[in-house]
Amino acid sequence: MARRVRPGRSGAALVIAMGTLTAACAAPGGNSPQPQATSASSMSAAPTCGSAPIKLNGYFEAGFPLPKALTTEFTKQHPNVTWDIREDQFAVITQNAPRVLADNPPDLMRLPQVSELVKDNLLKNLDGYATAFGWDKWPASQLEQLRLGPGGRPRGEGSLYALGLNFSMTGVFYNKKLAAQVGMSTPPTTLAELDHVLDKAKNAGITPIVQFNGGATGGLAFPLQNLMASYGPAGPVNDWIFQKPGATIDTPSNLRATQHLEKWIKAGYFPKDVNALDYATMMSRFIDGQGLFMFNGDWESGNLDKQMPGNVGFSLMPPAQQGGKLAAMSAPLTFGIAANAKNADCAAFFLNWVATDQRARDIGVEVGGSRPMGPAEAYMPAVAADKVTASTLAAGADIAEDNGAMDFIANATGAIYAKSWTPQLQKLVAGQQTPQELLKTVQADYAGQLEGN
Amino acid sequence: MTRSAGARSAHRRPAVTKLGDPRGLVGWLFVAPALVFYAVFVLRPTVLTFQYSLYEWNGIGASTWVGLANYGKVFTDPDLSDSLVNAFQLIVFFSAIPVVLGLAIAATIRRIAASRLALVARTVLFLPQVIPLVAAGIAWSWLLASTGVINQLLSIIGLGGVTRAWLGDFATALPAVGMIGAWVLLGLCTLLLLAGMSKIDPALYEAARLDGAGPWREFVSITVPSLRQEIAVCVTVTVIAALSSFDIIYIATQGGPGNTTMVPGLQIFYLAFSEREVGMASALAVVLMVLVIACALPIQWFAKDGNR
């Protein structure tokens with residue numbers, strides 16, 4: 001029994017083990033790259049991909065065919081450029097973004113919320129490219145959400161750190177057949193009219209709104225933000241998302257919006273199992289004709305045109321008062337270049353090509369279903385008027401006119417969606433949270449998260 | 001077994017000299033790869049996790065030393081402490097149900113051991129072990145959906161009133177994910193207990209029967225006490241599965257609705273990768289590790305005690 005004890009050998013094992021641990025002595029972190037702004041003065045002409053063979057390294061979102069369609073066309077036009085593309089779910093990209101940008105910097109990457117990435121110097125400052133390519137002459141509202149102050153805060157002003165492949169927008173899709181059944185021939189023009197239609201649908205035994213709200217993604221944030229747009233101006237909501245000093249989500253008009261959402265919940269306008277529905281189930285139910293309305297974005301336009309041709313309409317959320325200003329969640333499909341990307345110039349050239357090449361703009365509309373970015377007078381592809389894509393493109397123009405583009409309230413901080421909006425909205429559905437306390441809690445979580453960063 | 005300090009040090013000397021023994025060296029060569037792997041992939045991350053838990057760090061930028069502040073937050077932040085409470089509630093489903101039910105099923109199978117039904121039952125019960133947990137989670141979220149098979153069955157037998165979205169309801173989400181865990185672990189426990197039962201001397205049962213014992217008396221007086229070690233293994237494995245649960249819950253509910261199914265494993269993942277609070281995530285991980293050890297060690301001790 002005593003022979004089993006061999007202190008000398010355990011001591012040697014300990015030395016080996018401790019040897020592997022010596023790396024743990026220093027404080028973690030602090031090895032992030034230094035900021036590298038591309039200065040306009042250093043570029044005598046706009047950069048290109050040259051003519052030598054070049055392989056661009058891309059990190060894209062799985063399930064969205066647009067970026068790949070664009071890269072394929074780009075290679076057709078510029079055969080010296082090939083692509084090495086990695087795809088992941090958006091949630092995975094969100095979780096991976098900082099480490100991937102730091103350890104294995106891609107030339108072009110689909111990005112989640114960017115403030116924290118800019119703070120850690122992980123993204124290339126695109127100001128130089130903006131001047132060289134003339135992006136700074138595009139309508140300012142297109143790039144506003146991609147500009148960040150020093151250290152990543154506030155958003156909405158400062159240097160450009162990313163670009164969009166197109167400009168997505170959300171609103172209300174409706175099933176035309178079911179709409180006809182409840183006597184709705186044109187989309188409601190006021191919130192009261194919308195309430196009236198919802199009530200009629202409910203009485204007719206039709207689910208008024210199919211919406212997801214399960215898991216870690218509270219889809220009631222879509223109708224909630226649309227209601228916020230009905231009740232109040234877009235500016236203060238954007239200030240909050242952009243982390244401007246003193247901004248709060250707990251405002252009287254947002255409270256009225258949250259109370260209105262609670263009224264819809266209590267009236268039974270959402271499916272009874274809304275807290276268990278995920279995005280895919282919502283889509284399949286809407287396509288299956290199991291609901292009149294669905295709050296969602298124009299990224300589904302092309303898909304809906306294919307799945308239920310001629311039977312789907314789209315409108316922006318109506319204002320609370322007749323003739324009130326229109327606003328919508330509307331944001332660029334954000335792509336950035338890693339601070340240490342090998343082929344940054346070629347990646348920037350590609351982003352410029354997406355916004356300016358005629359064929360690329362066609363693909364942006366046909367495959368992406370949203371408005372391409374770019375100069376105000378740029379070529380706009382024609383879309384058949386009976387397609388829902390035509391309605392979403394037209395709505396984009398209305399939003400631009402009313403200056404009503406808002407980023408998504410879920411993008412205010414990296415954790416606000418999963419850790420604050422989602423559980424709070426799920427509690428609102430279960431009757432375990434009041435509108436007043438919901439906004440107070442989200443605001444407190446937001447303040448805590450800003451403090452922690 | 002007590003030995004004097006002198007005897008211990010007397011033993012130490014020859015052990016040290018043996019390091020030069022070529023046979024000992026060969027032994028070391030055999031152990032070395034495993035040792036290096038263990039040190040690099042188990043010890044190092046454990047120590048690093050403890051180190052990170054003392055800092056406020058987002059995983060990329062510079063870190064700030066905060067001492068034990070993160071540990072203070074683990075116990076005072078209701079979101080984090082609630083997730084620990086949920087994990088302990090899951091023990092009922094992950095551990096109590098599979099062990100108790102496993103004992104009953106194993107005893108039944110043993111009684112009908114000769115029949116083909118026993119073989120079928122064994123195979124069916126063990127199936128969840130060969131299915132990846134992620135697949136089990138997906139399949140169960142379909143079964144438990146508002147239009148799923150479980151609600152359809154309830155409607156058929158006239159219980160339409162209790163149908164609901166089991167994973168989306170505040171009252172039923174935690175028991176629902178618990179049932180998935182119970183289903184997964186039941187087969188493992190049953191097989192372990194069955195194996196244990198086959199080692200019990202049949203003479204014991206014969207003697208009991210001669211003394212007039214019925215099946216229940218046999219079960220309580222012979223089967224259960226003889227299975228002390230197997231039960232301890234089952235309880236250890238399932239308690240650890242409950243406390244460190246992640247995959248089933250990530251797939252079925254992602255912690256929702258409204259944090260009712262949030263468990264420490266998932267919370268650590270969110271803290272590290274979504275909130276980017278690596279220090280807090282590490283502190284919760286260390287607390288979880290200590291809790292798991294604190295729960296598993298007494299069970300081990302209980303099993304050894306029974307062995308003597």
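Below, chain A is the first sequence line, B the second, and so on; all start at residue 1.
- Atom CZ of B/F273 sits about 13.0 Å away from atom OG1 of A/T94, to the nearest 0.5 Å.
- Chain B forms more heavy-atom pairs under 4.5 Å with one residue of A/K419, A/K272, A/Q433, A/Q424 than with any other, namely A/K419.
- In terms of the side-chain hydrogen bond (donor to acceptor under 3.5 Å, both in side chains) criterion, residue partners of A/W240 (sequence neighbours excluded) are, by chain and number, A/Q443.
- Note on A/P271, A/A276, A/A430, A/A415: by heavy-atom pairs under 4.5 Å with chain B, the leading option is A/A415.
- With values rounded to the nearest 0.5 angstrom, B/Q254 atom CD is found 9.0 Å from A/T422 atom OG1.
- Pairing each heavy atom of A/Q426 with each of B/F170, the nearest pair is O-CE1, 3.4 Å.
- For a residue to count as touching a neighbouring chain, one of its non-hydrogen atoms must lie under 4.5 Å from one of that chain's; by this rule B/T253 touches chain A with the backbone only.
- With rounding to the nearest 0.5 angstrom, the CD1 atom of A/I416 is 9.5 Å from the CD atom of B/E275.
- In this structure, the separation between OG1 on B/T163 and CG on A/D273 is 10.0 Å, given to the nearest 0.5 Å.
- Among residues 141-160 of chain B, the residues having any heavy atom closer than 4.5 Å to a heavy atom of chain A are, in sequence order, B/S146.
- Residue B/I60 is tested with A/L101, A/D120, A/D103 for a side-chain contact (heavy atoms from CB on, under 4.5 Å); the sole match is A/D120.
- Under the ring pair (Phe, Tyr, Trp, His ring centres under 6.0 Å) criterion, the residue pairs touching residues 63-82 of chain B are B/Y55-B/W65, with sequence neighbours excluded.
- Looking at A/R99, its side chain does come within 3.5 Å of a backbone N or O of B/G59 through a donor-acceptor pair.
- For residues 171-183 of chain B, an interface with chain A (any heavy-atom pair closer than 4.5 Å) does not exist.
- To the nearest 0.5 Å, atoms CZ (B/F269) and CD (A/Q95) are separated by 3.5 Å.
- Under the 3.5 Å distance criterion, with hydrogens and angles disregarded, no donor-acceptor pair is assigned to the side chains of A/N275 and B/D169.
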